[in-house]
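Okay, so here's the structure we're looking at.
Hydrogens, waters and symmetry mates are skipped; everything else that's a heavy atom, side chains included, is used.
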Amino acid sequence: AWRYTPLAGVIDFDTMSNYAEQIAQSPFAPLAVMLAYVIGGLLVVPVTLLIGVTAAVFGPLLGGAYALAGALLSACATYAIGRHLGHDALRRFAGRRLNRLSQRLGRRGLLAMVIVRLLPIAPYSMVNVVAGASHIGWRDFLLGTAIGMAPGIVAIALFVDRAVVAIRHPGPMTFATLIAIVALLAMVGWMLRRQLDGPQSPG
């Protein structure tokens, strides 16, 4: 719905950035940002978009801190939904892909939680619901989320910052930096996906 219907205009990067810039002027900006992440998680708004907007409006350092705090609060809310639904409900209504993810999370715990945070395996909110239904403890869930989200948030904040510089001051070095960041993220993502899939059986 967010991608292929008129709702896509609601979460357009420029539109959300304009809203965020208005919020940034308020003394309650931190609370507003946290609330936006929780609501966004419940509505399955792409978390990478929220992080990018936060970094663009508040800067890479403060924006990164807000993004991590907001992502953790959003994760808690949707994890609690998964705990309430339970594993049986998830198995009946989730697709094969999410059921496989549930099995991996249950089998590999904290490590799998860290890896799925580093990879775009499934929508952020869906991963949280699956984790809650998979009976991963709060400690492993929150620790894995924090460890796994932090590098991605830093990478997105750095990318957004460099992209803004490239737009305002275009040049070979700024574009080369952007290309290097994208290439590094792609390589790390490929390595982590292999780690999560585990060794393949012959034949």
Side-chain angles (χ1 to χ4, degrees), residues 1-5 7-8 10-11 16 33-54 64 66-156 185-186 188-201:
W2 290 126
R3 181 175 297 180
Y4 299 114
T5 73
L7 289 174
V10 177
I11 62 168
M16 293 186 67
V33 172
M34 302 301 105
L35 182 61
Y37 272 81
V38 172
I39 294 174
L42 295 174
L43 297 177
V44 200
V45 175
V47 72
T48 51
L49 175 61
L50 295 174
I51 294 169
V53 169
T54 307
Y66 284 171
L68 181 58
L72 287 173
L73 283 177
S74 176
C76 288
T78 41
Y79 174 92
I81 292 174
R83 292 281 277 201
H84 178 72
L85 290 175
H87 186 71
D88 291 339
L90 177 72
R91 190 170 54 224
R92 286 196 303 270
F93 297 110
R96 185 182 310 171
R97 185 181 182 187
L98 289 181
N99 279 316
R100 278 202 310 270
L101 176 60
S102 176
Q103 292 170 3
R104 289 171 180 171
L105 290 175
R107 185 173 66 247
R108 306 185 73 175
L110 176 62
L111 176 61
M113 198 73 245
V114 171
I115 294 175
V116 297
R117 291 309 187 194
L118 291 164
L119 292 173
I121 292 173
Y124 183 75
S125 298
M126 294 298 100
V127 171
N128 299 332
V129 172
V130 170
S134 301
H135 305 298
I136 291 179
W138 279 100
R139 185 188 62 119
D140 284 351
F141 173 73
L142 288 176
L143 186 59
T145 296
I147 294 173
M149 288 295 294
I153 289 173
V154 170
I156 292 172
L185 291 176
V188 171
W190 176 78
M191 293 172 63
L192 289 171
R193 187 177 293 275
R194 284 177 59 88
Q195 174 67 27
L196 181 63
D197 290 339
Q200 303 294 321
S201 58

Exercise. Considering all heavy atoms of both residues, which atom of S125 and which atom of V44 are nearest to each other, and what is their separation?
Worked result: OG-CA, 3.9 Å
For this session: Please name all residues satisfying side chain to side chain contact (heavy atoms under 4.5 Å, CB included) with M16, sequence neighbours left out, ordered by chain then number.
Result: I11, L49, L50, V53
Exercise. Could you state the interatomic distance from CG (L143) to CD1 (I147), rounded to the nearest 0.5 Å?
Worked result: 4.0 Å
Problem set entry | Distance-minimising heavy-atom pair for I51 and I156 | CG2-CG2, 3.7 Å
For this session: Please list, chain by chain and in numerical order, all residues satisfying ring pair (Phe, Tyr, Trp, His ring centres under 6.0 Å) with Y124, sequence neighbours excluded.
Result: none
Seminar exercise, completed: Residues M113 and F141: closest non-hydrogen pair is SD-CD1, 3.7 Å
For this session: Would you list the pairs meeting side-chain hydrogen bond (donor to acceptor under 3.5 Å, both in side chains) in which at least one residue belongs to residues 137-146, sequence neighbours left out?
Result: R117-T145
Without placing hydrogens or testing angles, list every side-chain donor-acceptor pair under 3.5 Å for residues 75-82, not counting sequence neighbours.
from	atom 1	to	atom 2	distance (Å)
T78	OG1	S74	O	2.8
T78	OG1	A75	O	3.4
T78	OG1	N128	ND2	2.9
Y79	OH	R83	NH1	3.3
Y79	OH	I136	O	2.1

For this session: Hey, could you give me each pair passing side-chain hydrogen bond (donor to acceptor under 3.5 Å, both in side chains) that has a residue in residues 34-47? Not counting sequence neighbours.
Result: Y37-T54
